[in-house]
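Just so it is clear: chains get the letters A, B, ... in the order the sequence lines come, proteins before strands, and each one is counted from 1.
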Amino acid sequence: DQQVKQNSPSLSVQEGRISILNCDYTNSMFDYFLWYKKYPAEGPTFLISISSIKDKNEDGRFTVFLNKSAKHLSLHIVPSQPGDSAVYFCAVRPGGSQGNLIFGKGTKLSVKP
Amino acid sequence: EAGVTQFPSHSVIEKGQTVTLRCDPISGHDNLYWYRRVMGKEIKFLLHFVKESKQDESGMPNNRFLAERTGGTYSTLKVQPAELEDSGVYFCASSQVEEPLRETQYFGPGTRLLVL
């Protein structure tokens, strides 16, 4: 059974608008969360992360929000740019400080000019 | 600085054959991970090396898969004999041990394996 769920396989947004990608997880013990971006024929690239002691982390146009009670996190991209078009993976690291990642299935974001 | 490299980029083999995938991590990275993405599904963890030692191999699907990391540098993943369900993209990732609280795994481009 999936421990990390990205229920939207795809999302289309107009350039300049906000993109919101969502992710749900099942285990309340998870304490470190990451977002990766993937272009075709490339490996995933780390984007931003958040630990469970925070509810928000911001890096430029990218902000990750964590709602522990709902076991939900989201990635906001604002303003969205055509170069942001990629597959975005939500991941958790159950081992704490290091170790394997558990990924969601990904959401394909298309940003239209 | 060179990133994680993987060879080959693509491999097409017949069921029952053997295939060996190679990963060269970023220089100096002690952690090396193998993951696999089967078509339409999530990226799944296979195993984790710290230097030449297997730290966690709980994700290895069965004993047809053998991973090695001799000398703690590059790693190989051998599938013998290959089955149809082994088709997918195999990713390698590496990270530095010195930053455990903010460990970032850097991924290679993957090897696309197709078993016919």
Can you confirm whether more than 12 heavy atoms, excluding those of [X], are under 6.0 Å from its [atom1] atom?
{"X": "A:Phe65", "atom1": "CZ", "answer": "yes"}
{"X": "B:Lys41", "atom1": "NZ", "answer": "no"}
{"X": "B:Arg64", "atom1": "CZ", "answer": "yes"}
{"X": "A:Tyr39", "atom1": "OH", "answer": "yes"}
{"X": "B:Glu14", "atom1": "CD", "answer": "no"}
{"X": "A:Lys5", "atom1": "NZ", "answer": "no"}

[X] versus [Y], closest heavy-atom pair with distance:
{"X": "A:Asn100", "Y": "B:Phe45", "result": "CB-CD1, 3.1 Å"}
{"X": "A:Leu101", "Y": "B:Tyr35", "result": "N-OH, 3.0 Å"}
{"X": "A:Gly43", "Y": "B:Phe91", "result": "CA-CE2, 3.7 Å"}

B:Gln105 portion near chain A, given a 4.5 angstrom heavy-atom threshold: both
With only heavy atoms counted, which part of A:Tyr36 is less than 4.5 Å from chain B, the side chain, the backbone, both or neither? side chain
Engaged part of A:Gln6 at the chain B interface, taking heavy atoms whose separation is under 4.5 Å: neither
Should A:Val4 and B:Glu42 count as side-chain neighbours, where that means a heavy-atom distance under 4.5 Å? no
Kindly say whether A:Gly99 contributes a backbone atom to a donor-acceptor pair with the side chain of B:Tyr33 at under 3.5 angstrom? yes
